[in-house]
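All residue numbers in this chain count up from 1 along the given sequence.
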Amino acid sequence: MISFIEPLYKSTDAIKFGWNRESGAISYNIYVGKVESPLTLLMSNISDVPSEQAIARGKVYYEVAIVDVRTALSLATTVNFSNTVFFFAITYVNSVGVESSLSDSTVVKVPPVGIISKPMKDDPTIRRHPFVFSDGLQRWVKQIGSSSGAMVVDTSDYYKTNITTEYTYDGTNLKTTLSYLSDATTGSPAKLTTYTYSGSQLIKMEITDTTATI
């Protein structure tokens with residue numbers, strides 16, 4: 001099984017999926033689970049017909065409803081796509097009615113917030129621009145980078161990562177800064193910046209990996 005199910009759009013109640021057509025396939029089956037294994041059959045006999053919709057043009061398209069997932073997995077009505085991790089996979093059925101092995105399928109994780117980005121090796125059409133799924137816009141958006149090579153993600157103050165930075169001084173000069181996520185706990189990853197001076201002039205700045213002490 002070369003093709004894999006790909007989440008294209010997510011809301012609380014539904015996820016729109018698409019996947020590349022499998023050679024020799026007549027139809028497809030979708031499996032779902034709250035863990036990677038075992039998975040439960042969710043939908044069968046999905047026709048091997050390329051979609052004309054812009055979101056999945058040329059791919060097989062199917063929209064999974066949370067009500068069907070709840071029924072298949074016997075889940076409470078409070079469970080939806082925004083508060084639960086789910087795992088999906090597809091199999092195909094050939095012209096003589098033989099289904100491909102589920103163990104040969106790629107299991108795709110769909111987290112409760114956001115959708116896993118599309119690696120270029122999985123979808124060559126994205127070229128050199130990695131995509132991420134925007135929960136706010138509910139669609140795929142291109143990531144962008146700065147001229148220095150850094151990934152630009154904080155385009156709005158509202159979405160900036162919450163960071164705490166601690167400062168130490170050697171006399172009047174800044175000696176170190178220690179930065180970590182504001183909700184971090186002791187031992188969480190952090191960045192330590194050390195400053196070296198010649199007199200009052202800064203001559204060296206070194207950034208290293210460390211851990212936070214809260």
Side-chain angles (χ1 to χ4, degrees), residues 4-12 15-16 33-37 66 75-76 78-89 106-214:
F4 61 94
I5 192 167
E6 178 185 0
L8 303 172
Y9 175 97
K10 177 173 71 70
S11 67
T12 299
I15 301 179
K16 296 179 180 180
K34 289 188 66 179
V35 293
E36 287 193 65
S37 180
I66 189 62
L75 301 177
T78 53
V79 172
N80 59 53
F81 287 132
S82 295
N83 61 22
T84 308
V85 175
F86 286 104
F87 297 86
F88 292 88
T106 299
V107 178
V108 176
K109 177 182 178 181
V110 181
V113 288
I115 286 182
I116 301 167
S117 61
K118 299 161 66 176
M120 183 166 47
K121 67 180 179 62
D122 292 335
D123 188 351
T125 62
I126 68 173
R127 305 181 187 276
R128 295 183 180 274
H129 300 285
F131 279 64
V132 293
F133 191 84
S134 166
D135 278 313
L137 299 175
Q138 283 295 300
R139 62 181 176 84
W140 288 100
V141 294
K142 284 184 179 180
Q143 292 178 334
I144 57 176
S146 72
S147 59
S148 301
M151 190 65 71
V152 178
V153 293
D154 291 341
T155 54
S156 166
D157 287 344
Y158 184 78
Y159 292 106
K160 287 183 183 298
T161 303
N162 296 327
I163 295 290
T164 297
T165 302
E166 299 177 359
Y167 300 86
T168 63
Y169 291 86
D170 182 5
T172 57
N173 293 327
L174 179 63
K175 183 179 180 182
T176 65
T177 61
L178 179 67
S179 299
Y180 49 85
L181 295 177
S182 296
D183 60 352
T185 57
T186 296
S188 297
K191 284 290 185 180
L192 176 66
T193 304
T194 304
Y195 302 90
T196 303
Y197 297 84
S198 177
S200 61
Q201 289 187 321
L202 178 65
I203 60 171
K204 183 179 181 181
M205 183 177 72
E206 185 178 10
I207 302 175
T208 55
D209 292 321
T210 185
T211 56
T213 303
I214 309 302

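The shortest heavy-atom contact between Asn80 and Phe86 is O-CE1, 3.9 Å. Annotation for Thr196 and Leu202: closest pair O-CD1, 3.4 Å, computed over non-hydrogen atoms. Here the closest non-hydrogen pair linking Thr185 and Ser188 is O-OG, 2.8 Å. Across every non-hydrogen atom of Pro112 and Asn83, the tightest pair is CB-C, 3.7 Å. Between Leu75 and Val79, the closest heavy-atom pair is CD1-CG1, 3.9 Å. A pairwise comparison of heavy atoms in Ala190 and Tyr180 identifies CB-CB, 3.9 Å as the closest pair.
Side-chain contact between Asp209 and Lys191 is present, with at least one heavy-atom pair separated by less than 4.5 Å. The shortest distance between side-chain heavy atoms of Met205 and Thr193 falls below 4.5 Å. Looking at Leu181 and Ile163, their side chains come closer than 4.5 Å, going by heavy atoms from C-beta outward. Contact check for Leu192 versus Thr176: side-chain heavy atoms found under the 4.5 Å cut-off.
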Test side-chain contact (heavy atoms from CB on, under 4.5 Å) applied to Asn173 and Tyr195, step by step: CA-CA 9 Å; Asn173 293 327; Tyr195 302 90; over 6 Å; no
Audit row: Thr210, Leu178, side-chain contact (heavy atoms from CB on, under 4.5 Å) steps and yes/no: CA-CA 9 Å; Thr210 185; Leu178 179 67; 3.5 Å; yes
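Qualifying salt bridge (charged side-chain N to carboxylate O under 4.0 Å, His left out) partners for Lys175, counting only residues two or more places apart in sequence or in other chains: none.
Between Thr106 atom OG1 and Ile5 atom CD1 the span is 11.0 Å, to the nearest 0.5 Å. To the nearest 0.5 Å, atom OG1 of residue Thr194 and atom CD1 of residue Ile207 are 9.5 Å apart. The NZ atom of Lys16 sits 8.0 Å away from the OG atom of Ser11 when rounded to the nearest 0.5 Å. Taking CD1 from Ile203 and OH from Tyr197, the interatomic distance works out to 10.5 Å, rounded to the nearest 0.5 Å.
Here the side chain of Thr186 pairs a donor or acceptor atom with the backbone of Ile214 at under 3.5 angstrom.
The aromatic rings of Phe88 and Phe81 sit tilted, their planes meeting at an angle between 30° and 60°.
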